[in-house]
Structures are given as structure tokens and as C-alpha cells.
Amino acid sequence: MKNETSVKYFYILPFSGETRSKPFITAFFFLIYVVGVLINSSIITVICLEVQLHKPMYLFICNLSIVDIFYTSVTVPKLLHMLLSGNHIVSSAQCYTQLSFFVTVGGAEEILLFVMAYDRYFAICNPLHYHRIMSVRNCILIIIGIWAVAFINSSLFLTFVLYMSSCHSNIIHQFFCDAKSLTQITCTTSEMFILVNCVEILVFAFIPLMGTVVSYVKILSDIFKMKTKESRKKSFSTCSSHVTVISIYYGAGFIGYLIPPYSDLLDSVFNIIYTTIVPMMNPITYSLQNSKVQSALLGLVKGMGFIKIDSRHVRQ
């Protein structure tokens with residue numbers, strides 16, 4: 001008989017056996033977190049203040065930066081506290097709360113990336129109806145809908161997780177409470193929970209990814225039909241950064257979940273990329289390559305009096 005218990009706390013053991021490297025690890029995560037929050041906050045500030053950026057594409061970029069700040073804030077501050085204090089005990093309430101918020105922002109990001117792909121689809125393939133379809137009112141409703149669906153999904157997912165019981169151990173070999181780590185230490189992973197996991201992957205990963213692929217196939221088809229090289233270049237430049245973000249996000253996520261359960265170190269590496277590096281790189285890849293965002297950022301810095309910049313030097 002297996003000893004099944006409803007645990008009151010968990011031991012989070014990230015980077016076990018790496019005590020000599022803890023100062024370096026702590027400094028690394030602190031730097032990644034601060035840089036990520038600063039860059040994403042700058043993007044949000046610029047888009048909110050600059051009137052010329054009050055357009056659907058930039059509204060979605062702004063919300064992507066908000067999601068990315070939440071993504072790192074759900075995991076990194078608690079990890080830094082554990083590394084600095086040496087206290088790796090986390091109550092079950094804290095663990096499940098962290099899991100709930102992580103599932104929320106993960107779902108929101110996946111839906112948002114899917115919506116951003118269709119924004120580009122309508123802008124390039126159906127430009128005459130773009131402003132009617134992607135009106136300010138519709139975009140606000142879409143954003144509200146994204147967060148509502150993400151919160152509802154997280155609540156339902158957490159309900160099934162709470163019915164699982166710990167077996168053998170309450171040690172999580174990961175730097176935060178994620179679903180994969182929790183299922184590895186449970187012995188009551190029911191068929192219903194497995195079904196819920198499959199539905200999660202289908203609804204929030206597979207369907208959005210397939211929708212994104214289909215939209216970009218149509219986008220590329222229309223781009224190659226354009227008569228002038230300048231038009232093709234301009235259209236492709238608005239999509240290339242989003243394709244890069246999609247590839248890194250889903251690539252890291254899928255590889256992380258395909259890693260065997262006994263590869264704790266490799267699993268941690270891909271989770272670090274997925275939950276900290278990607279949210280920091282998104283604004284750099286997606287926003288800072290945009291000439292309008294660059295001009296607005298330089299104008300903000302100039303207006304704050306830090307440096308003197310001639311905006312004519314920014315490439316249009």
C-alpha cells in the first residue's frame with residue numbers, strides 16, 4: 001500500500017547540490033528579473049503616453065509586456081527569497097496559489113500570441129476591413145475576454161489539482177510549483193486529471209499554434225503576391241518578430257514538457273528559459289525592433305533629461 005497524504009507544505013529544492021554557485025545563481029535571477037521588469041515597464045509606459053501608438057498592434061504588445069511582468073513575478077521573487085534566506089519550505093496554500101497564477105498568465109500569453117497573429121492576418125490580408133474588425137472597442141473586449149478565460153481556466157485546473165494526494169515525498173525538484181512537478185510526487189493522478197491536462201494542451205497550446213500557423217501561411221501567400229519589393233519587405237517586417245517570439249515560446253515549452261521526469265537539471269534549464277528568459281526577450285524581439293517604438297522610447301528618455309538625442313538618427 002502506498003502512503004497517501006494531503007501535505008501541508010512542500011520542500012522546493014532548486015539546483016540541489018549547487019551550494020557553491022548560489023551567489024552566482026541569485027545574482028543571475030535578480031539581474032534577469034530587474035532587466036525584464038524595466039524593459040517591459042518601459043514599453044508599457046511608452047505605448048500609454050505616445051498617442052501615435054494607440055493602435056491595436058501596440059495595445060496587444062502592451063498587454064504582452066504586462067503578461068511577461070506577471071510571468072516572472074509569479075516565480076522569481078519567491079525563488080530569490082528561498083536562495084537568500086535558505087528557507088525552502090512552502091505551504092501548500094502558497095504552492096497552489098503560485099500554480100494558479102502561473103497557469104493564469106500562461107493561458108493569457110498563449111491566447112494573446114494567437115490573437116496577435118490574427119491581428120497581423122487582418123492587417124495584411126484584409127486591410128480594408130481591418131479598422132472595423134480591430135476597433136478600439138473590440139480590442140478592449142478581446143483583452144478582457146483573454147484575462148477572463150485565463151482566470152476561469154486556472155480556477156478549474158486548480159480544482160482538479162487539489163484532489164490529488166502526495167505520495168512518498170513532498171519534495172519538488174524545481175524552482176517553483178508547476179503542474180508537472182506536482183504530478184510527479186502524487187499517487188492519485190486520476191484519469192479525469194489526465195483528461196483535463198490533455199484538454200489544456202489542446203485548447204491553450206495546439207489549437208492556438210495551429211491557428212497561428214494557418215494565419216501565417218495565408219499571410220506569406222499574400223506577401224509573395226505583392227507587386228513591389230518594398231511592400232513585401234514592409235509586410236514581412238511586421239510579422240518576423242512575432243514569428244520569432246512564437247517559435248521561442250512554444251519551442252521551449254514543448255521541449256520542457258517532453259523532457260523525461262528523471263532529468264531534473266535539464267527540466268530546470270528549460271523552465272528557466274521558458275519562465276524568465278523568454279519574458280525578458282519578448283519586448284526586445286517584438287517591440288524594440290519597431291522604429292516607432294524606438295522613436296517613442298528615445299523621446300521619453302530625452303524628455304526625462306537623461307540624454308540628448310536627435311530623433312532624426314533613428315532609422316525609419
Side-chain angles (χ1 to χ4, degrees), residues 7 9-43 64-106 109 166 169-185 244-245 247-285 288:
V7 297
Y9 57 86
F10 294 96
Y11 288 101
I12 308 292
L13 295 180
F15 324 113
S16 55
E18 300 293 333
T19 54
R20 293 181 181 179
S21 304
K22 275 191 176 181
F24 171 76
I25 294 171
T26 303
F28 170 78
F29 277 100
F30 178 77
L31 182 63
I32 290 293
Y33 180 67
V34 170
V35 171
V37 170
L38 286 176
I39 294 176
N40 281 295
S41 298
S42 300
I43 297 300
L64 180 63
S65 291
I66 293 172
V67 171
D68 287 336
I69 290 175
F70 287 157
Y71 227 131
T72 52
S73 296
V74 167
T75 57
V76 177
K78 183 61 181 176
L79 172 63
L80 292 174
H81 174 263
M82 289 189 295
L83 291 172
L84 292 171
S85 66
N87 181 14
H88 295 264
I89 299 175
V90 177
S91 69
S92 58
Q94 290 176 326
C95 186
Y96 292 133
T97 300
Q98 186 182 53
L99 174 64
S100 175
F101 280 110
F102 184 77
V103 173
T104 299
V105 294
E109 178 141 359
S166 178
S169 173
N170 61 346
I171 298 175
I172 297 176
H173 293 282
Q174 191 54 263
F175 65 93
F176 70 102
C177 293
D178 69 325
K180 184 179 179 181
S181 299
L182 287 172
T183 54
Q184 289 174 4
I185 62 172
T244 303
V245 169
S247 302
I248 295 173
Y249 181 82
Y250 279 104
F254 284 144
I255 293 173
Y257 272 89
L258 290 174
I259 293 173
Y262 51 80
S263 304
D264 293 329
L265 180 59
L266 194 59
D267 196 20
S268 294
V269 169
F270 275 97
N271 268 325
I272 290 169
I273 296 172
Y274 189 66
T275 60
T276 60
I277 305 296
V278 172
M280 183 190 70
M281 294 299 297
N282 278 348
I284 297 174
T285 304
L288 300 185

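In this structure, the side chains of Val74 and Phe176 stay at 4.5 Å or more apart for every pair of heavy atoms. In this structure, Ser92 and Tyr96 have side chains that are in contact, with non-hydrogen atoms separated by less than 4.5 Å. Taking the side chain as every heavy atom from C-beta outward, Asn170 and Tyr11 approach each other to under 4.5 Å. Using a 4.5 Å heavy-atom cutoff, the side chains of Phe175 and Thr75 are in contact.
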Show every donor-acceptor pair shorter than 3.5 Å between a side-chain atom in residues 25-43 and any protein atom, with sequence neighbours excluded, or say none if there are none.
unit_1 : atom_1 : unit_2 : atom_2 : d
Thr26  : OG1    : Lys22  : O      : 2.8
Tyr33  : OH     : Ser73  : OG     : 3.0
Asn40  : OD1    : Ser65  : OG     : 3.2
Asn40  : ND2    : Gly36  : O      : 2.8
Asn40  : ND2    : Pro279 : O      : 3.3
Ser41  : OG     : Val37  : O      : 2.6
Ser42  : OG     : Leu38  : O      : 2.8

In a table with atom names and distances, give each donor-acceptor pair under 3.5 Å that connects a side chain of residues 76-88 to protein atoms at least two apart or in another chain.
unit_1 : atom_1 : unit_2 : atom_2 : d
Ser85  : OG     : His81  : O      : 2.6
Ser85  : OG     : Asn87  : N      : 3.2
Asn87  : OD1    : Ile89  : N      : 3.2
His88  : ND1    : Ile12  : O      : 2.9

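Looking at every heavy atom in both residues, Asp68 comes nearest to Pro283 through OD2-CD, 4.4 Å. For the residue pair Tyr71 and Gly106, the shortest heavy atom distance occurs at OH-CA, 3.6 Å.
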(request) Apply the test side-chain contact (heavy atoms from CB on, under 4.5 Å) to residues Asn271 and Gln174: give CA-CA distance (whole Å), side-chain angles for both, the deciding distance (0.1 Å), then the verdict. (result) CA-CA 9 Å; Asn271 268 325; Gln174 191 54 263; 2.8 Å; yes
(request) May I have the step-by-step check of side-chain contact (heavy atoms from CB on, under 4.5 Å) for Cys95 and Ile172, ending in yes or no? (result) CA-CA 10 Å; Cys95 186; Ile172 297 176; 4.2 Å; yes
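Under 3.5 Å, the side chains of Glu109 and Asn282 contain a donor-acceptor pair of N or O atoms.
Rounded to the nearest 0.5 Å, atoms OH (Tyr274) and CG (Asp178) are 10.5 Å apart.
If you look at Phe70 and Phe101, their ring centroids are not closer than 6.0 Å.
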